[in-house]
There are 2 protein chains.
Amino acid sequence: MTTDDKTEELLQRLRDKGFRITSQRETVIRIFQENKEKHLSAEDVYEILSKSNEAISLATTYRTLRMLVDMNVLRELDFAETHKHYELIDENEAPHHHIICLDCNHTIEFENDEINELGKKIAKQYNVDIVDMQFQIFGKCPSIPKDDNRKHRH
Amino acid sequence: MTTDDKTEELLQRLRDKGFRITSQRETVIRIFQENKEKHLSAEDVYEILSKSNEAISLATTYRTLRMLVDMNVLRELDFAETHKHYELIDENEAPHHHIICLDCNHTIEFENDEINELGKKIAKQYNVDIVDMQFQIFGKCPSIPKDDNRKHRH
DNA sequence: TTGAGTGCAAATCCTTTGCAGGCGG
DNA sequence: CCGCCTGCAAAGGATTTGCACTCAA
């Protein structure tokens, strides 16, 4: 499936739920598709668009992100920071998990079926209807390339 | 080891690092020892103390929590809410993990050695010096008793 | 005695909301 | 044309910080 097909599929999902397709919403979805491997924050999205000629307000950015999370288009991620991060949910992919460096805030994504299976098993044990799961490993990375310059946490 | 012994051990750890032992710090540590099974927020701690005759300021509550996290006395927990939760780290216990109900915010703790082992293995694979790990399952609980009345998230 | 710790209030950061005008269906 | 969406600015919740005073060591 091409990116355009995927975009159209997501937009259709919004239409089906009675949401209107505005240029702001299309743009936010496109930003996440162009940054599949990243974990953008609201501020990140806002800044990317501010630099382009498709600027949208911070308020709309937040409103759109929340809506997309509710629509299961985006996943909200907690990295033990004061703000949240978001990523596209790809329903054909297994959930993936994160290693977060407490020194440089760099994150590594990894997939691990054993963990996903364990998660499902445990949820079933407790009779919980699973919506999402996240395994986070917090540590110090001696060797991760420091390719971002976000504020340090400590 | 009795609770008093444990308290003394923790206080000694602060002394060793050059921190002063104030009544406020002793009190906060005691609150967590008296609520081992809970995941108190800063506001929770502040409120518990406000009702007693050992009230401390919110600012000091936050400063103390941060210090205790840095000292590895408390673990900071993210439950996809706007505020953080904290719990005592018991070094004799294996890490435990959480199921969080997105409807009622109730949390269930569970332990699972397979997950802990997997976490260690993965960290090693990525050459990361592991500090902590958390596995979180987000879902809807059909059967969990709703024994708390915190604000709902959605 | 003295500087780390405290309380208070103000500041800050991230996010949400009220309202008036704009535009998608 | 109707009412959902937007932008703006103001409000809000959680946490941090500046400053003068207090008290543990």
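What you are looking at is a predicted structure, and each value in this text was computed from that prediction instead of being measured. Lettering of chains follows the sequences in order, A, B, ..., and the numbering in each one begins at 1.
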- Message: Let's see if you can work this out: which of dC5(D), dT17(D), dC23(D) has an atom nearest to the side-chain heavy atoms of Arg63(B)?
- Response: dT17(D)
- Query: Checking all strands, does Gln24(A) fall into the base, sugar-phosphate, or nothing category for heavy-atom contacts under 4.0 angstrom?
  - Reply: sugar-phosphate
- Query: Parallel, tilted or perpendicular: which fits the ring planes of Phe79(B) and His85(B), with parallel below 30° and perpendicular above 60°?
  - Reply: tilted
- Donor-acceptor pair (no angle test) under 3.5 Å: Arg25(A) side chain, dG24(C) base: no
- Plane angle bin for Phe32(A) and Tyr86(A) - parallel if under 30°, tilted between 30 and 60°, otherwise perpendicular: perpendicular
- Could you give the NZ-to-P distance, from Lys17(B) to dA25(D), as a whole number of Å? 18 Å
- Options dG3(C), dT15(C), dA25(D), nucleotide nearest the side-chain atoms of Ile21(B): dA25(D)
- With distance as the sole criterion, do the side chain of Arg15(A) and the base of dG25(C) form a donor-acceptor contact below 3.5 Å? no
- State whether Arg66(B) places a side-chain N or O below 4.0 Å from either non-bridging phosphate oxygen (OP1 or OP2) of dT16(D). yes
- Query: Which nucleotide in the set dC14(C), dC8(D), dA25(D) lies at the smallest distance from any side-chain heavy atom of His83(A)?
  - Reply: dC14(C)
- Query: Counting heavy atoms not belonging to Lys36(B), are there more than 12 under 6.0 Å from its NZ?
  - Reply: yes
- Message: How many whole angstroms separate atom CG of Leu14(A) from atom P of dC4(D)?
- Response: 16 Å
